[in-house]
Protein chains: 2
Amino acid sequence: MNNQKTNKAVSRATLERLPKYYAFLAGLLAKGREVVSGTKISQRFGFDPTQVRKDIEAAGGQGRPRIGFEIRPTMLAIETFLGWNNTNDAVLVGAGYLGAALLGYEGFAGKGLNILAAFDKDPARQKQINGKTIFDMDRFEDLVKRLGVKIGVICVPAKDAQSIAELMIQAKIKAIWNLTPTHLNVPEDIIVEDADLSSSLSILSGRLAAKNK
Amino acid sequence: MNNQKTNKAVSRATLERLPKYYAFLAGLLAKGREVVSGTKISQRFGFDPTQVRKDIEAAGGQGRPRIGFEIRPTMLAIETFLGWNNTNDAVLVGAGYLGAALLGYEGFAGKGLNILAAFDKDPARQKQINGKTIFDMDRFEDLVKRLGVKIGVICVPAKDAQSIAELMIQAKIKAIWNLTPTHLNVPEDIIVEDADLSSSLSILSGRLAAKNK
DNA sequence: TAGATTGTTAATCGATTAACAATC
DNA sequence: TAGATTGTTAATCGATTAACAATC
């Protein structure tokens with residue numbers, strides 16, 4: 001239940017790299033490979049080999065000196081560590097362009113996220129996308145509580161994000177995937193993960209601006 | 001042209017925080033405020049006050065002891081530093097759900113990105129979205145070279161991302177905004193910025209998995 | 001066996017935070 | 001003036017990289 005293996009919190013950076021290794025391993029497996037060295041993985045991405053070994057170790061993977069890492073068990077370790085084979089139900093609020101894109105995307109299931117339903121205050125959007133019903137906001141709290149959903153995805157306009165976050169917390173949601181540029185103020189026990197395209201774009205344009213200086 | 005002010009490269013973390021400050025400042029300005037202290041900004045986001053001062057200083061902003069930062073000039077400094085008022089043209093490849101969402105989003109203009117046109121190999125998608133034409137891939141290299149576009153946005157399926165990146169480089173594109181989970185191998189002088197929703201989701205589910213351990 | 005590779009400890013690097021003098 | 005706040009230098013912290021013994 002609580003921290004069996006003195007799990008020293010793994011860094012965000014590691015959590016970002018593990019899925020990359022996973023994809024690479026999947027590719028090798030498809031080609032019939034069974035084993036790969038950390039060095040090979042590191043070369044693929046331009047990372048330091050030590051970092052790759054540490055990341056995999058943090059995920060619970062184990063290699064054999066002189067041999068390398070067995071691909072199957074390593075992939076399983078990553079899946080388990082990232083919670084991919086322990087799918088969590090989620091609800092989405094805001095079925096605009098981006099919300100629709102997320103509802104239409106099939107790939108999340110393999111990463112532990114199952115969007116059950118969506119909500120939007122605009123009646124014109126209260127239809128179905130990809131077999132998922134978009135309900136009126138009125139029904140949010142009741143439905144989310146009854147379903148016991150613990151993850152909320154926010155795709156509303158920036159100015160509405162904070163109030164939707166508060167509504168989610170009231171409905172007992174514990175983790176928020178925030179796709180807006182708004183910084184959410186939430187209690188400490190709520191997990192917020194920002195996936196802000198605008199912020200990524202700012203970094204790109206900042207890097208370009210720095211280069212052209 | 002080249003590094004007038006010994007511009008020590010600013011960290012990604014700083015580039016991610018600056019737009020948040022900007023949004024906060026815009027809000028204050030709308031309320032009629034003219035000045036704000038770094039401390040106030042830091043409290044809004046739960047950051048360290050020193051960090052805020054350093055970030056703003058890195059962006060070329062300047063405060064006055066005892067007074068704080070004037071909002072207008074600070075916003076202008078951030079805009080300029082991030083290249084927002086120096087709009088760059090871009091082309092997008094892959095007009096699926098996510099690509100369509102990006103084409104439909106109006107907010108990028110204010111962040112220095114102007115998507116001129118899109119490309120997709122699927123004839124069914126070769127229409128218009130939000131006034132932007134979606135061309136066949138055949139026309140990519142010629143059109144991009146003629147327009148002199150330097151930024152490419154990749155929204156294709158993961159497996160096609162690398163080959164699209166190579167096509168872009170061949171068409172003289174210098175910066176790639178990569179919205180796929182694929183790690184792109186490119187020459188050193190090409191800027192790649194990843195905006196991978198899957199990766200962000202992995203972090204969320206990894207954090208949830210760690211918490212529920 | 002010899003040598004490649006892991007696992008792990010130590011060193012380095014960079015970013016965050018603390019401290020404090022300068023300033024208006 | 002007194003005190004709040006900046007600008008900047010120093011200390012801390014954490015992540016990355018280097019080094020190397022253990023291992024198959």
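Lettering of chains follows the sequences in order, A, B, ..., and the numbering in each one begins at 1.
Taking atom CZ of F45(B) as the reference point, atom C1' of dT16(C) lies 18 Å away to the nearest angstrom. To the nearest angstrom, C1' of dT8(D) lies 20 Å from CZ of R64(B). Taking atom CD1 of I41(B) as the reference point, atom P of dG7(D) lies 11 Å away to the nearest angstrom. One atom, CG of D55(B), and another, P of dG14(C), lie 18 Å apart when rounded to the nearest Å. Look at CD on E57(B): it is 16 Å from C1' on dT17(C), rounded to the nearest Å. For the pair Q62(B) CD and dT6(D) C1', the interatomic distance rounds to 10 Å; values are reported in whole Å. D48(B) has its CG atom 8 Å from the C1' atom of dA18(C), to the nearest Å. Between F69(A) atom CZ and dA4(C) atom P there is a gap of 18 Å when expressed in whole angstrom units.
A residue-by-residue look at T50(A) and A13(B) shows that T50(A) has its nearest nucleotide of DNA chain C further toward the 5' end. Map R66(A) and R17(A) each onto its nearest nucleotide of DNA chain D; the residue landing nearer the 5' end is R17(A). Position along DNA chain C of the nearest nucleotide to P65(A) versus K54(A) favours P65(A) as the more 5'-ward residue.
At the heavy-atom level, R53(A) lies under 4.0 Å from base atoms of the strands shown. Residue contacts for F47(A): at a heavy-atom cut-off of 4.0 Å it reaches no nucleic acid atom on any strand shown. Residue R12(B) is classed as having no contact, given no heavy-atom separation below 4.0 Å to the nucleic acid.
Between I164(B) and M137(B) there is a side-chain heavy-atom pair separated by less than 4.5 Å. At a threshold of 4.5 Å between non-hydrogen side-chain atoms, the residues V52(A) and R17(A) do not count as touching.
No salt bridge links E57(A) with R53(A); every basic N to acidic carboxylate O contact stays at or beyond 4.0 Å.
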Before giving the answer on side-chain contact (heavy atoms from CB on, under 4.5 Å), spell out for I115(B) and D89(B) the whole-Å C-alpha distance, their side-chain angles and the decisive distance to 0.1 Å. CA-CA 6 Å; I115(B) 301 179; D89(B) 290 336; over 6 Å; no
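Between Y105(B) and F108(B), the angle of the ring planes goes over 60°, which puts this pair in the perpendicular group of the 30/60° scheme.
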